[in-house]
Amino acid sequence: MSMYKSCLQYLSKSIILHMEKGCDKDMLIDILTQRCNAQRQMIAGAYQSMYGQDLTCDLKEKLSDHFKEVMVGLMYPPPLYDAHELWHAMKGAGTDENCLIDILASRTSGEIFQTQEAYCLQYNSNLQEDIYSETSGHFRDTLMNLVQGTREEGCTDPAMAAQDAMVLWEACQQKTGEHKTMLQMILCNKSYQQLWLGN
């Protein structure tokens, strides 16, 4: 616990310095970027216990611009952060399609389910329904496949990888609706390890 107390002292000092002279950004960077998310959550909990204040709220209040976005983002548990980014990607004018792809195409099935739960709790909305209403065409079909959280995990089969590679090649060449469906089935449901075998 002494490590966390030391971190808290530095964090508190940094925030106080911001109020008086300007934030010690280097100190914040050293503390928050050199620890995993679980450790940052422990620091935030201890900060709340020791000072009676929410660390994330203090960061939001005392920092500004992109630096604030990064520091506050570091304080979110991963599923909550993903939910936050997905929500903002689909609300307002236009849809940030790159954000949807970056998150949904890179998470495990378990992470997808945790994000769906966090999204529902945080925004009282259904992630799948929002994706369906905010996208269209084959892009929507692909995202809907990804958000189901049905990707295989851990299993590899070199023979199947070779077969999948052939199917993917044909799908890219023929570009028919049926082949696009096959493309989605492979890329959205095979494990990452299996897909790497086909490279």
Side-chain angles (χ1 to χ4, degrees), residues 36-37 40-41 56 59-60 65-157 160-199:
C36 69
N37 190 270
R40 289 194 293 270
Q41 300 310 312
T56 303
L59 293 172
K60 286 179 180 178
D65 302 324
H66 294 303
F67 185 65
K68 177 174 76 173
E69 293 176 16
V70 173
M71 291 296 106
V72 170
L74 286 170
M75 297 310 300
Y76 284 112
L80 191 57
Y81 181 79
D82 283 350
H84 173 268
E85 292 298 297
L86 289 167
W87 171 263
H88 288 284
M90 292 185 285
K91 298 307 166 188
T95 299
D96 185 349
E97 296 179 347
N98 288 331
C99 178
L100 299 181
I101 295 167
D102 287 345
I103 293 174
L104 297 176
S106 64
R107 303 301 188 258
T108 65
S109 296
E111 290 168 340
I112 292 287
F113 289 130
Q114 289 178 343
T115 297
Q116 287 190 43
E117 184 176 307
Y119 189 93
C120 181
L121 291 172
Q122 184 75 9
Y123 302 107
N124 195 30
S125 188
N126 184 287
L127 178 58
Q128 294 185 37
E129 292 176 1
D130 287 352
I131 290 173
Y132 189 87
S133 68
E134 295 295 326
T135 57
S136 61
H138 288 294
F139 180 64
R140 175 170 65 190
D141 295 341
T142 302
L143 293 181
M144 291 304 294
N145 200 324
L146 288 169
V147 80
Q148 299 299 317
T150 56
R151 185 182 296 282
E152 300 168 356
E153 294 184 18
C155 53
T156 58
D157 182 341
M160 182 60 71
Q163 181 178 332
D164 288 343
M166 291 178 61
V167 173
L168 289 171
W169 170 258
E170 292 178 4
C172 290
Q173 299 305 309
Q174 298 189 28
K175 299 180 181 178
T176 64
E178 180 181 351
H179 283 80
K180 286 181 180 178
T181 299
M182 291 299 297
L183 190 88
Q184 290 172 11
M185 286 179 59
I186 293 172
L187 295 180
C188 297
N189 294 292
K190 299 290 183 177
S191 70
Y192 295 115
Q193 296 88 339
Q194 181 71 13
L195 292 173
W196 292 332
L197 285 179
N199 287 341

Derivation and outcome, side-chain hydrogen bond (donor to acceptor under 3.5 Å, both in side chains), residues Tyr119 and Asp130: CA-CA 10 Å; Tyr119 189 93; Asp130 287 352; 2.5 Å; yes

Check: Cys120 and Leu127 side chains under 4.5 Å, non-hydrogen atoms: no

Atom pair CE (Met71) and CG (Leu59), whose distance is rounded to the nearest 0.5 Å: 8.0 Å

Side-chain heavy-atom pair Phe113, Glu117 within 4.5 angstrom cut-off: no

Parallel, tilted or perpendicular: rings of Trp87 and Tyr123 (30°, 60°): parallel

Gap separating the CG atom of Leu146 from the CZ atom of Arg107, nearest 0.5 angstrom: 12.0 Å

Test side chain to side chain contact (heavy atoms under 4.5 Å, CB included) applied to Ile101 and Phe139, step by step: CA-CA 10 Å; Ile101 295 167; Phe139 180 64; 3.6 Å; yes

Arg40 side-chain N/O to Leu74 backbone N/O, donor-acceptor pair under 3.5 Å: yes

Pairwise distance OG(Ser133) to CE(Met90) - rounded to 0.5 angstrom: 7.5 Å

Atom pair CD1/CD of Ile103 and Glu111 - distance to nearest 0.5 Å: 11.0 Å

Glu153 side chain vs Ser109 backbone, donor-acceptor pair below 3.5 Å: yes

Heavy-atom pair of closest approach, residues Asn37 and Pro78: OD1-CD, 3.3 Å

Gap separating the CG atom of Leu86 from the OG atom of Ser125, nearest 0.5 angstrom: 11.5 Å

Any side-chain heavy-atom pair of Thr108 and Arg151 under 4.5 Å: no

Donor-acceptor contact below 3.5 Å, side chain Gln41 vs main chain Met75: yes

Gln128 backbone acceptor or donor facing Gln148 side chain under 3.5 Å: no

Minimal non-hydrogen separation, Gln122 against Leu80, with atom names: OE1-CD1, 3.6 Å

Rounded distance (nearest 0.5 Å) linking atom CE of Met144 with atom CD of Glu129: 8.5 Å

Shortest non-hydrogen separation from Ile112 to Leu104 and the atoms involved: CD1-CD2, 3.8 Å

